[in-house]
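This report concerns only the one structure given below.
Chain letters run A, B, ... following the sequence lines, proteins first and then strands; every chain starts at 1.
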2 protein chains.
Amino acid sequence: MAKEIKLEVREAVQEMVALGKPPPCLTAVIVGDDPASHTYVRNKMKAAEFTGIQSKTIQLPDTTSESELLAHIHELNNDKSVNGVLVQLPVPKHISERKVCNAVAPEKDVDGFHVVNVGRFCKDLKSLVPATPAGVIEMLKRSGVDTFGKNAVVCGRSKNVGMPIAMLLHSDGIGETEACDCTTIICHRYTPHEELKRYAQTADILIVATGIPGLITADMIKEGSAVIDVGINRIKDEKTGKFRIVGDVDFEAVSEKAGYITPVPGGVGPMTVAMLMKNTLSAARQEVEYY
Amino acid sequence: MAKEIKLEVREAVQEMVALGKPPPCLTAVIVGDDPASHTYVRNKMKAAEFTGIQSKTIQLPDTTSESELLAHIHELNNDKSVNGVLVQLPVPKHISERKVCNAVAPEKDVDGFHVVNVGRFCKDLKSLVPATPAGVIEMLKRSGVDTFGKNAVVCGRSKNVGMPIAMLLHSDGIGETEACDCTTIICHRYTPHEELKRYAQTADILIVATGIPGLITADMIKEGSAVIDVGINRIKDEKTGKFRIVGDVDFEAVSEKAGYITPVPGGVGPMTVAMLMKNTLSAARQEVEYY
């Protein structure tokens, strides 16, 4: 599905270029040497290349001050050749993540982290929606999962993942955006496990974004439900002693009961990258009218 | 409780004045002749007078164009003597409510309807929170209702009431704001009634904002729960033929089962007005740092 979306973006980019317009341009800013961050940015840049989106990575040392980083962002905001700006998180501790996210111009904020984009999607207005939540919804829609009046349970209330997903799942068709119309339950680390289980068992759609490997077991699942696992956990295999990546869901057992399930790795991750490309295209086309 | 809050605001205003500062100033803009809107604005202005907040009402005819209204708002935004600006909703149909709400400067937006304030409270950042949702949370806190890890059900997903209440109820203490930490369930008109009943029966906190008189009956209530009725419905009494105001909750029967319940009229309404005064004070003190 991620490939399909990237092919659609590529086609749209080719159309733009055929009309004599420049291709969309995405710039990533990365501060410091976190290896995971570098891998993420590399994957994004590969997807950009695949889709024909021009891309550029600005690599800054982890000694960069907040004001230096903000100056870079302002420069990118003012650069008309740049359509999308993303600052790879996390930034070093001496820099305010919030200030950085709100420094990117809303119309170039392809990560959808600026308060203006957050406020907009929370009000069912067109906006640049964070790529992971957008990818989750896109998977449900493209898989033909019925959402209307269904029970959706979101485990995890992070501001970049769980919260936006909950907002999109309960969204109303009277806004500018497509409706999902789910009854939506937001669970989090202070939801007692027995309650989480009770809610999960009635969930037609279960989204898990907690960072707790194996949190969701087969006994918590409704037969035939759609399970989307946003977790990415690096755990040590007891037998081999090697590290591997797992999600928050016990994939093997749950996949026998669920109607739909995403694997980790290979599920939400690639969709996130694909939706970032879609956001960059959307930014280049100025599809959102800000005021 | 509303009186208590207004007395606290009055005391704070007196302190400001004693320090030689001007009292906070609230300006309401009202377009057209809707009698309910005029009543609401009058109540707000009365509360302002009580608390020592200076107030002014700008009355415009319903023939006012959108650009004329926006010009008035911009003037108030630029007027340093004005701390709070509210445009009484609804505005006439030829004017875009959204444009109007986003035209008020975020730092003067005492209704909390600007996308920047919405984005901020959705991210657990300090902001001017819409007065009705703020009043609902304030009632829970001041009544000593435990919210930590409890089940909260919100019926209704309107952008000015249900949505913000759900955001505040599931809020996390790692943000700038006080946490509620409820497991939060958002129900709406497409939630099947049987499901609504099932959720409501396990709710420690039940917030109802649907505009459906008598939607919540005693059989849907958990013994000892806190029930807050945001509904305001004008219905005809079958016996007397007279109109009266009722909420969305069957007050008489539910009040025998619930641990806490708000009446309609007299519950959420006065709290909303009191919280608007608190927001105006907060705006005058510039308590929210916008960036």
Inset, instruction - Under 4.5 Å heavy-atom distance to chain B, tell me which part of A/Leu125 shows up: side chain, backbone, both or neither. - result: side chain
Inset, instruction - Count the heavy-atom pairs under 4.5 Å between each of B/Val154, B/Ile186, B/Leu169 and chain A, then report the option with the highest count. - result: B/Ile186
Inset, instruction - Specify which of A/Thr191, A/Asp172, A/Val116 makes the most heavy-atom pairs with chain B at under 4.5 Å. - result: A/Asp172
Inset, instruction - Answer yes when A/Arg198 and A/Glu195 have at least one side-chain N-carboxylate O distance shorter than 4.0 Å, and no when they do not. - result: yes
Legend entry - Contacting moiety of A/Asn102, where chain B heavy atoms sit under 4.5 Å: side chain
Inset, instruction - Just give me the residue among A/Arg98, A/Arg120, A/His114 that pairs up with chain B most often, heavy atom to heavy atom, under 4.5 Å. - result: A/Arg98
Inset, instruction - Report yes or no: do A/Thr217 and A/Asp219 form a side-chain donor-acceptor pair below 3.5 Å? - result: yes
Inset, instruction - Determine yes or no for a side-chain-to-main-chain donor-acceptor pair under 3.5 angstrom, with B/Glu66 supplying the side chain and B/Ser96 the backbone. - result: yes
Legend entry - A/Thr202 versus chain B, the contacting section by heavy-atom distance below 4.5 Å: side chain
Legend entry - Residue part contacting chain B, namely of A/Ile174, when any heavy atom lies under 4.5 Å: side chain
Legend entry - Contacting moiety of B/Asn117, where chain A heavy atoms sit under 4.5 Å: neither
Inset, instruction - Measure from NZ or CZ of A/Arg157 to the centre of the six-membered ring of A/Tyr190 and say whether it is under 6.0 Å with the direction within 45° of the ring axis. - result: no
Legend entry - Under 4.5 Å from a heavy atom of chain A, the part of B/His170 involved: both
Legend entry - Pick from A/Val118, A/Leu196, A/Thr184 with the largest number of heavy-atom pairs that fall under 4.5 Å of chain B: A/Thr184
Inset, instruction - Return yes if some donor-acceptor pair links the side-chain N/O of A/Asp204 with the main-chain N/O of A/Lys150 below 3.5 Å, else return no. - result: no
Legend entry - A/Tyr199, part contacting chain B, at a heavy-atom distance under 4.5 Å: side chain
Legend entry - Under 3.5 Å donor-acceptor, B/Asn77 side chain and B/Ala103 backbone: yes
Legend entry - Flag, side chain of A/Asn233 to backbone of A/Gly247, donor-acceptor distance under 3.5 Å: yes
Legend entry - Any donor-acceptor N/O pair, A/Glu107 side chain to A/Ala283 backbone, under 3.5 Å: no
